[in-house]
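Read through the structure below, which is laid out as structure tokens, and then see the notes.
Each chain gets a letter, A, B and so on, in the order its sequence line appears, and its residues count up from 1.
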Protein chains: 2
Amino acid sequence: MPYGKCQGHGWWQGKFRGCGYRITAAREAVLNTLMLSEEKHMSAEEIYLSVHENNPAVGLTTIYRTLEILNDMGMVFKFDFGDGRARYELASGTDDENHHHHLVCTACKKIIDYKEFIDDELELLRKTEKGLSEKYNFTINTHLIQFYGLCEDCRDTR
Amino acid sequence: MPYGKCQGHGWWQGKFRGCGYRITAAREAVLNTLMLSEEKHMSAEEIYLSVHENNPAVGLTTIYRTLEILNDMGMVFKFDFGDGRARYELASGTDDENHHHHLVCTACKKIIDYKEFIDDELELLRKTEKGLSEKYNFTINTHLIQFYGLCEDCRDTR
DNA sequence: CTCCTTAATGAAAATCATTTTCAATAATAA
DNA sequence: TTATTATTGAAAATGATTTTCATTAAGGAG
Ligand SMILES: [Mn+2]
Ligand SMILES: [Mn+2]
Ligand SMILES: [Zn+2]
Ligand SMILES: [Zn+2]
């Protein structure tokens, strides 16, 4: 459970109100599921099934709609790891200590979070972002870094 | 037209034969289209339409099948830029002078190829790849780096 | 060059994640 | 409490990609 960014209850309610969104049980349930799913990179349907356990009334459509809102607000990252469905992860700010990148096994689709070289990477990213935004007049908000290859298990099976 | 990696004719035919694939008009047409589409990041359907001009007999299914093969062989990169369809680009080896990364405008979906900071990035990537593959016993084949934000036009429209 | 095996192909149907529609419900401002 | 309107669920629609299957054509053997 990620703490520190969630002070007590309702750390997210303010953000919702600020954007003109209403506070609903479905939205709270989605956020709760995501907070408990660190490292899991859940799909919409997986989140739906999880939410469904405590809130059987919430439909899959609402899950999709909530995830889109959360993504637009920057509270959730949406990834494409190449398995045909989007996967989601609670966003920790770019400079947060939870910031990480991914190793994707192209064989079994396993995802490994890593942050061992994040410091060097982020330093370079900052430099690159600065250069790029100047040269192309482009306002950079996020970045995506993924390494693709074969995990230990899949390599051995070759 | 990318030269240097295509020596005369049929630079790709050897690769095909080596993998047990047959040489067909459809496959040649797809490769030709991709070679003439630098910086365009075409979708399967766009490639289909382009191929269709000279080869009306080639169907969309074959385009998809060919692109999958090319991607498996590492001759083509497949990207998800967030507009709901896959987009393709002829691969230049990782250390090729054509290697580049992308700037993606989340508003108008425009893609900008850049390679100005590629050298520093690649140097860091090599270091990171080495560390990661050792720590996680992961064999890294490719990487993906994209920056998301607003292009000049879309930022001004705000 | 001809024949043979089987990979490759096109058209149509099937998949399936995600989106849209629309009438019913519920969050919030007054 | 009431009025306003965002939110919601169910069902239908969408649309990119995949699968099926009968037909065609690469390319190796002779
Ligand atoms: Mn992660
Ligand atoms: Mn490109
Ligand atoms: Zn694996
Ligand atoms: Zn733009």
Side-chain angles (χ1 to χ4, degrees), chain A residues 10 12-31 33 41-73 76-88 109, chain B residues 9-10 12-31 33 41-73 75-88 109:
Chain A
W12 53 278
Q13 307 197 356
K15 294 195 178 188
F16 264 74
R17 290 241 173 67
C19 294
Y21 292 118
R22 294 178 180 177
I23 313 300
T24 71
R27 289 170 178 174
E28 181 168 20
V30 169
L31 274 171
T33 291
H41 313 98
M42 298 174 88
S43 67
E45 190 177 11
E46 287 169 348
I47 293 169
Y48 164 72
L49 291 174
S50 170
V51 166
H52 195 265
E53 291 173 9
N54 295 309
N55 303 68
V58 176
L60 180 54
T61 309
T62 295
I63 304 293
Y64 275 108
R65 284 188 282 228
T66 300
L67 288 169
E68 186 179 14
I69 286 178
L70 290 170
N71 186 239
D72 287 348
M73 294 200 302
V76 155
F77 289 134
K78 179 180 182 179
F79 294 100
D80 167 38
F81 291 129
D83 67 340
R85 69 203 62 197
R87 294 189 170 275
Y88 303 84
K109 311 296 179 189
Chain B
H9 290 292
W12 53 277
Q13 307 198 355
K15 294 194 178 187
F16 264 74
R17 290 240 175 66
C19 294
Y21 292 118
R22 295 179 179 176
I23 313 298
T24 71
R27 289 169 178 175
E28 181 169 19
V30 169
L31 275 171
T33 291
H41 314 96
M42 297 175 89
S43 67
E45 191 177 11
E46 287 168 348
I47 293 169
Y48 164 72
L49 290 174
S50 170
V51 165
H52 195 266
E53 290 172 11
N54 295 308
N55 304 66
V58 176
L60 180 54
T61 309
T62 295
I63 303 293
Y64 274 108
R65 283 189 283 229
T66 301
L67 288 170
E68 186 178 15
I69 287 178
L70 290 171
N71 186 238
D72 287 347
M73 294 199 302
M75 296 171 66
V76 155
F77 288 134
K78 179 179 182 179
F79 293 100
D80 166 39
F81 291 127
D83 66 341
R85 67 204 62 195
R87 294 188 170 274
Y88 303 84
K109 311 299 179 188

| task | Would you check, one step at a time, whether the test side chain to side chain contact (heavy atoms under 4.5 Å, CB included) holds for A:Leu31 with A:Phe16? | result | CA-CA 12 Å; A:Leu31 274 171; A:Phe16 264 74; 4.1 Å; yes

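Atom CG in B:Leu67 sits about 15 Å away from atom C1' in C:dA8, given to the nearest Å. Computed from coordinates, the A:Tyr48 OH to C:dC16 C1' distance equals 16 Å when rounded to whole Å. Look at CG on A:Asp80: it is 18 Å from P on C:dC16, rounded to the nearest Å.
Here A:Lys109 pairs with A:Asp83 under the side chain to side chain contact (heavy atoms under 4.5 Å, CB included) rule; sequence neighbours left out. Here B:Leu49 pairs with nothing under the side chain to side chain contact (heavy atoms under 4.5 Å, CB included) rule; sequence neighbours left out. A search for ring pair (Phe, Tyr, Trp, His ring centres under 6.0 Å) contacts involving B:Tyr48 returns B:His52, not counting sequence neighbours. Checked against side chain to side chain donor-acceptor pair (under 3.5 Å), A:Ser50 has the following partners two or more places apart in sequence or in another chain: A:Thr33. Considering only residues two or more places apart in sequence or on other chains, A:Phe81 meets the side chain to side chain contact (heavy atoms under 4.5 Å, CB included) condition with A:His41, A:Phe79, A:Arg87, A:His102, A:Val104, A:Ile111, A:Gln146. Judged as a side chain to side chain contact (heavy atoms under 4.5 Å, CB included), and not counting sequence neighbours, the contacts of A:Asn55 are A:Ala25, A:Ala29, A:Val51, A:Val58.
Identified under the salt bridge (charged side-chain N to carboxylate O under 4.0 Å, His left out) test for residues 17-27 of chain B, with sequence neighbours left out: none. The list of salt bridge (charged side-chain N to carboxylate O under 4.0 Å, His left out) pairs with a residue in residues 48-69 of chain A, not counting sequence neighbours, is empty.
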| task | Summarise how protein sits on nucleotides 24-29 of chain C as a single string, 5' to 3': B when a protein heavy atom is under 4.0 Å from the base, S for sugar-phosphate-only contact, - for no contact. | result | ---BS-

| message | How would you summarise protein contacts on nucleotides 15-24 of chain D per nucleotide, using B for base, S for sugar-phosphate only and - for none, with heavy-atom distances below 4.0 Å? | response | -SBBBB----

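Near DNA chain C, meaning a heavy atom under 4.0 Å away, there are no residues from residues 49-56 of chain A.
Looking only at side-chain heavy atoms (C-beta outward), A:Trp12 and A:Glu28 come within less than 4.5 Å of each other.
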